[in-house]
Amino acid sequence: MKVLVVDDYPTMRRILRNLLVQIGITDVEEAGSGAEALAKLQIANVDLVISDWNMEPITGLELLKKVRGNAATLGLPFIMVTAESKTENVIEAKKAGVSNYIVKPFTADTLKSKIAAVMG
Amino acid sequence: MQTVEDARPGQGRSAADLAGRLEKITDQLQREIGRLSAMEPISTAEKQLSVLHEELDGIAHLIAETRTEIAGLQPSGIAYSHLTGASDELDAVVGATERAAVEIMVSAERAQEAAQRLRNLADLPTQALRDLDEIESASVDIFMACSFQDLTGQRIRKVVNALAYIEKRVTTLTLLWQAVPGQDVGAPRLDHREDAHLLNGPNDSGLQQDDIDMLLNGAAASTTAGQDDIDALFADVAKPAH
């Protein structure tokens with residue numbers, strides 16, 4: 001399974017990559033922005049996107065909407081990992097079609113269970 | 001109108017005349033007392049008006065003084081020495097915590113790699129395998145703990161944005177005051193507040209513990225949802241449609 005980790009903080013990308021490796025997912029792509037993520041989705045055969053919310057100029061929510069708006073990635077599993085835990089934000093993300101939502105800081109077990117729930 | 005002087009008793013007047021005159025004098029005195037009593041509220045109102053006038057004078061003086069103080073401030077000085085300086089220092093905090101987090105993660109990765117090399121050795125005793133599990137589990141915990149850098153970075157960035165907003169408004173306000181004709185602009189005011197030194201922000205010796213605690217303990221807003229709340233929201237989401 002190939003996972004695309006999208007976060008403008010290199011530290012967070014490194015953390016996610018390491019955690020993914022620890023839970024057995026070694027095929028990890030990284031993107032430092034929404035634009036880079038969209039470009040990688042065009043060429044890489046990604047099975048799951050794990051994205052931060054707070055990014056500029058394309059936020060995680062906007063990235064999600066673009067992913068859902070593209071026929072090629074319409075059904076791509078998309079997990080939002082973010083400190084944005086306001087209820088209205090979660091609802092907005094859900095309406096936009098997010099597959100699941102993880103609040104920072106989180107544990108490896110939480111990440112593992114959410115991936116399992118989304119990927120089946 | 002008959003006065004008290006008019007009612008003065010004269011020689012050769014009868015007792016009845018005197019009684020009538022006394023009655024008139026009494027009536028006159030009562031009328032005067034009544035008139036004076038009627039004047040009392042006017043006197044109180046005048047006193048209140050005087051107090052109000054003094055208060056207004058005080059407020060006007062305070063406004064003029066504050067205006068002079070604001071006009072004496074140097075916009076560029078405020079912007080750089082306090083607000084911009086504070087923004088730079090907060091950026092430095094983000095950079096320092098990021099470097100620290102990376103160093104911690106590199107060390108954790110070295111521990112993980114070493115554990116993996118040991119695990120590849122043959123015939124390891126059971127206790128050694130348990131210890132390797134413990135090392136790898138601790139390494140994961142260390143990685144997760146490093147996510148503090150991302151969280152504090154995001155919060156600090158919000159503070160920096162707020163400072164930039166305040167800086168812009170303060171600069172606009174001070175320029176407006178200084179544009180008032182005839183306003184005497186004094187020398188820049190020195191900050192004599194007891195905590196003025198705190199505005200200098202962190203130096204090479206690092207932040208004070210209280211500052212760090214304040215940064216790390218930002219209380220979550222009541223409108224935020226915990227992971228359990230979010231899980232409840234997603235309870236009806238099994239798997240996205242492909």
Side-chain angles (χ1 to χ4, degrees), chain A residues 7-23 47-48 52-56 67-68 73-91 93-94 97-114 116-120, chain B residues 94-95 97-106 108-113 115-116 133 135-155 157-158 161 216 218 220-242:
Chain A
D7 200 307
D8 54 351
Y9 269 70
T11 308
M12 203 61 212
R13 292 202 303 272
R14 192 168 190 159
I15 290 171
L16 278 166
R17 174 187 280 276
N18 188 279
L19 291 179
L20 288 168
V21 169
Q22 294 303 314
I23 62 178
D47 299 302
L48 169 67
D52 183 34
W53 179 298
N54 284 308
M55 296 186 296
E56 290 181 350
V67 167
R68 290 289 177 258
T73 55
L74 176 66
L76 184 63
F78 194 113
I79 296 177
M80 199 75 83
V81 181
T82 176
E84 288 289 344
S85 58
K86 290 179 183 172
T87 306
E88 59 264 34
N89 287 348
V90 179
I91 292 171
K94 189 179 178 186
V98 75
S99 308
N100 220 311
Y101 199 106
I102 300 175
V103 179
K104 295 177 187 175
F106 56 92
T107 65
D109 288 341
T110 301
L111 179 65
K112 189 176 182 178
S113 67
K114 299 307 172 196
V118 168
M119 301 306 292
Chain B
V94 174
T97 55
E98 185 170 359
R99 285 193 296 277
V102 168
E103 286 178 19
I104 292 168
M105 287 190 296
V106 167
E109 282 172 348
R110 285 169 53 202
Q112 286 175 332
E113 288 163 4
Q116 192 57 49
D133 289 342
I135 289 169
E136 287 173 343
S137 175
S139 299
V140 170
D141 290 343
I142 290 170
F143 262 88
M144 289 317 305
C146 287
S147 64
F148 83 91
Q149 193 275 326
D150 181 41
L151 297 173
T152 54
Q154 287 185 30
R155 285 174 180 162
R157 204 162 301 283
K158 286 181 181 178
N161 290 339
L216 296 180
S222 60
T223 54
T224 58
Q227 186 64 57
D228 289 344
D229 301 322
I230 291 167
D231 288 345
L233 282 168
F234 283 88
D236 58 336
V237 179
K239 193 177 177 183
H242 285 268

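Order of the sequence lines fixes the chain letters, A, B, ..., with proteins taken first and strands second; residue numbering starts at 1 for each chain.
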Q: Any heavy-atom pair between the side chains of B:Ser139 and A:Gln22 that's under 4.5 Å?
A: no
Q: Measure the spacing between CD1 of A:Ile15 and CD1 of B:Ile142 and express it to the nearest 0.5 Å.
A: 12.0 Å
Q: Side-chain contact, heavy-atom cut-off 4.5 Å: B:Met144 with A:Pro105?
A: no
Q: Under the salt bridge (Lys or Arg N to Asp or Glu O under 4.0 Å) rule, collect the residues that match up with A:Lys114, sequence neighbours excluded.
A: B:Asp231
Q: Heavy atoms, side chains only, cut-off 4.5 Å: are B:Glu109 and A:Asn18 in contact?
A: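 B:Glu109 vs A:Asn18: side chains touch.
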Q: Check whether any side-chain heavy atom of B:Val106 lies under 4.5 Å from a side-chain heavy atom of A:Arg14, and answer yes or no.
A: yes
Q: So, taking the atom named CZ in B:Phe143 and the one named CG in A:Leu16, what distance separates them when rounded to the nearest 0.5 Å?
A: 11.0 Å
Q: Taking all non-hydrogen atoms of both residues into account, name the closest pair between B:Cys146 and A:Thr11 and its distance.
A: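 So the minimum-distance heavy-atom pair works out to O-CG2, 4.2 Å.
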Q: Rounded to the nearest 0.5 Å, what's the gap from NZ on A:Lys104 to CZ on B:Phe148? Could you check?
A: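 Interatomic distance, A:Lys104 NZ to B:Phe148 CZ, rounded to 0.5 Å: 13.5 Å.
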Q: Quick check on A:Ile102 against chain B: is it the side chain, the backbone, both or neither that has a heavy atom closer than 4.5 Å?
A: both
Q: Between B:Arg157 and A:Asn54, is any pair of side-chain heavy atoms under 4.5 Å apart?
A: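 The answer is no; the side chains never approach within 4.5 Å.
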Q: Is there a side-chain contact between B:Gln149 and A:Tyr9 in this structure, where contact means two heavy atoms from C-beta onward sitting under 4.5 Å apart?
A: yes
Q: Against chain B, label A:Leu19 side chain, backbone, both or neither, depending on which of its atoms sit under 4.5 Å from a heavy atom there.
A: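 Answer is side chain: those atoms of A:Leu19 sit under 4.5 Å from chain B.
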